[in-house]
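These notes are about the structure you will find just below.
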Amino acid sequence: MEFDLENPLTISHDIHSDSITSLFPIESDHMPSENYFQTLQAGNFDISVRREAMASISQICCNSDNLLSYLAVNYLDRFLSCQGKLQPKPWIIKLLAISCVSLAAKMKKTDFSLLDFQSDGGIIFDTRTIERMEFLILGALKWRMRSITPFSFIPFFISLFKLEDPPLKQALKARATEIIFKAQNDMKLWVFKPSIIAASALLSASHELFPMQCPCFKKALSNCSHVNKGTLLQCYNCMQDSVVDGYDSVLEVVSSSVTPANVLDHTFSSSAESGRTTVTSITTLRVERDIKKRKISEYCKDHDHRAIQINFSSDPAVLRPS
């Protein structure tokens, strides 16, 4: 059965709230080790290795679903976090990236060719070498390949908002998805659980799309028994520094579903008695977009990547079949 990041469970039927709640206690098993972030900050790993591996993954997945790349990076981070010091050899970085994508493609039942993965030239790894690396990754991840990610919690949290208009749900989910993709590159957010990343991304998206209604959404998330309010706000504040662009694509999603008149002229309306939300205003989007772009531009100038050190065997023969 194809692995759906929104449904990491092995069951094929629709996810219900009771099955989603079973993910909260075990989500930490699908994260990098607890000291991964601290190790990166301390400079014990070479962060350029992760950056180069991610670049290779992005290149390999350039014509594929973004979720394939996301899953491969999830495998990458979890593997690196339990490997100690590894030598940053170009051949091993490429092999690691190829193997992570190969495993992700197998999980998602995506058609792929190992030759296509290595069409950029350089070292060509044979199938058995890649398979040996895959087994190293599988062992390090304890064969937990149906990763619990922020996408696993998005439908559950959206249901708490009680939005009745499908185009608004679609716009909220689309923007939150973009934020989650960006969050995977932000070291400050790696310490937070997938559920907190999902809740913070939805809160951030709602602030952009439905600013007048954002307090209601924030209350709904804070009242969820599976969400720590303090951790949610901490993650949300960190996420604000990372949020960039994405407004135009979301506006297109909304405007393609409803007429310009009832997008631009809608006023916010919410019924406290029924708990239902019917319409909202997004007329402030363009102003907020310009403000945040300026803010992120200033942030990017000051942001520097700390060095980390990775060690791997310098001999490719170690992973080649004997």
Side-chain angles (χ1 to χ4, degrees), residues 1-37 50 54 57 61 65-82 99-110 134 137-160 173 176-205 221 224-228 231-232 234-236 238-239:
M1 182 176 64
E2 178 182 350
F3 174 49
D4 179 2
L5 268 71
E6 287 192 9
N7 182 7
L9 304 173
T10 56
I11 55 177
S12 58
H13 56 71
D14 292 338
I15 299 181
H16 300 288
S17 60
D18 56 344
S19 58
I20 284 294
T21 56
S22 68
L23 300 180
F24 287 96
I26 61 174
E27 60 178 320
S28 296
D29 294 336
H30 299 259
M31 295 175 59
S33 62
E34 292 183 4
N35 64 342
Y36 187 43
F37 176 68
R50 182 185 188 270
M54 285 189 63
I57 290 174
C61 300
D65 184 356
N66 287 336
L67 292 174
L68 178 65
S69 173
Y70 190 94
L71 183 59
V73 174
N74 174 271
Y75 295 160
L76 171 70
D77 281 330
R78 289 165 61 194
F79 177 76
L80 291 177
S81 72
C82 61
S99 301
C100 286
V101 174
S102 176
L103 287 169
K106 290 174 181 177
M107 289 299 299
K108 290 184 62 61
K109 296 191 180 301
T110 301
E134 287 178 354
I137 297 171
L138 288 168
L141 273 55
K142 300 179 180 179
W143 291 77
R144 292 169 176 155
M145 309 309 287
R146 299 184 68 86
S147 297
I148 299 175
T149 69
F151 300 105
S152 308
F153 301 94
I154 289 291
F156 171 74
F157 285 136
I158 288 182
S159 70
L160 301 180
K173 182 178 179 180
T177 297
E178 291 179 348
I179 293 172
I180 290 171
F181 282 135
K182 294 179 186 299
Q184 196 175 40
N185 299 322
D186 192 335
M187 225 167 41
K188 300 190 305 297
L189 296 172
W190 296 348
V191 297
F192 298 105
K193 294 181 179 180
S195 60
I196 295 296
I197 294 288
S200 300
L202 284 168
L203 188 59
S204 182
L221 291 172
C224 177
S225 61
H226 302 286
V227 175
N228 180 284
T231 306
L232 172 63
Q234 183 184 1
C235 181
Y236 171 76
C238 289
M239 192 171 282

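Just so it is clear, the values below take in all heavy atoms, side chains as well, and ignore hydrogens, waters and symmetry mates.
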- Query: Roughly how far, to the nearest 0.5 Å, is the OG atom of Ser33 from the CZ atom of Arg78?
  - Reply: 11.5 Å
- Message: Tell me if a side-chain donor or acceptor on Tyr75 pairs with a main-chain N or O of Met145 at a distance below 3.5 Å.
- Response: yes
- Lys173 and Glu178: salt bridge (charged side-chain N to carboxylate O under 4.0 Å, His left out), yes or no, with the steps? CA-CA 9 Å; Lys173 182 178 179 180; Glu178 291 179 348; over 6 Å; no
- Task: Rounded to the nearest 0.5 Å, what's the gap from OG on Ser152 to CZ on Phe157? Could you check?
- Result: 11.0 Å
- Any donor-acceptor pair under 3.5 Å linking the side chain of Ser69 with the backbone of Asn66? no
- Message: In this structure, is the centre-to-centre distance between the rings of Phe151 and Phe181 below 6.0 Å?
- Response: yes
- Met239 and Ile197 have their tightest heavy-atom pair at CE-O, 3.7 Å
- Task: Hey, could you give me the CG/CD1 distance between Leu80 and Ile137, rounded to the nearest 0.5 Å?
- Result: 9.0 Å
- Query: Does a side-chain heavy-atom distance below 4.5 Å link Ile154 with Leu202?
  - Reply: yes
- Message: Which heavy atom of Arg146 sits nearest to which heavy atom of Asn7, and what is that distance?
- Response: NH2-O, 3.6 Å
- Roughly how far, to the nearest 0.5 Å, is the CG atom of Leu141 from the CG atom of Leu103? 8.5 Å
- Message: Measuring from atom CG of Leu23 to atom CZ of Phe156, what distance do you get when rounded to the nearest 0.5 angstrom?
- Response: 10.0 Å
- Message: Donor-acceptor pair, distance only, cut-off 3.5 Å: does the side chain of Ser204 make one with the backbone of Ser200?
- Response: no
- Item | Heavy-atom side-chain proximity of Leu71 to Ser147 below 4.5 angstrom | yes
- Can you tell me how far CZ of Phe192 sits from CD of Gln234, rounded to the nearest 0.5 angstrom? 4.0 Å
- Answer whether the closest heavy-atom distance between the side chains of Phe24 and Lys193 falls below 4.5 Å. no
- Derivation and outcome, side-chain contact (heavy atoms from CB on, under 4.5 Å), residues Gln184 and Trp190: CA-CA 7 Å; Gln184 196 175 40; Trp190 296 348; 5.5 Å; no
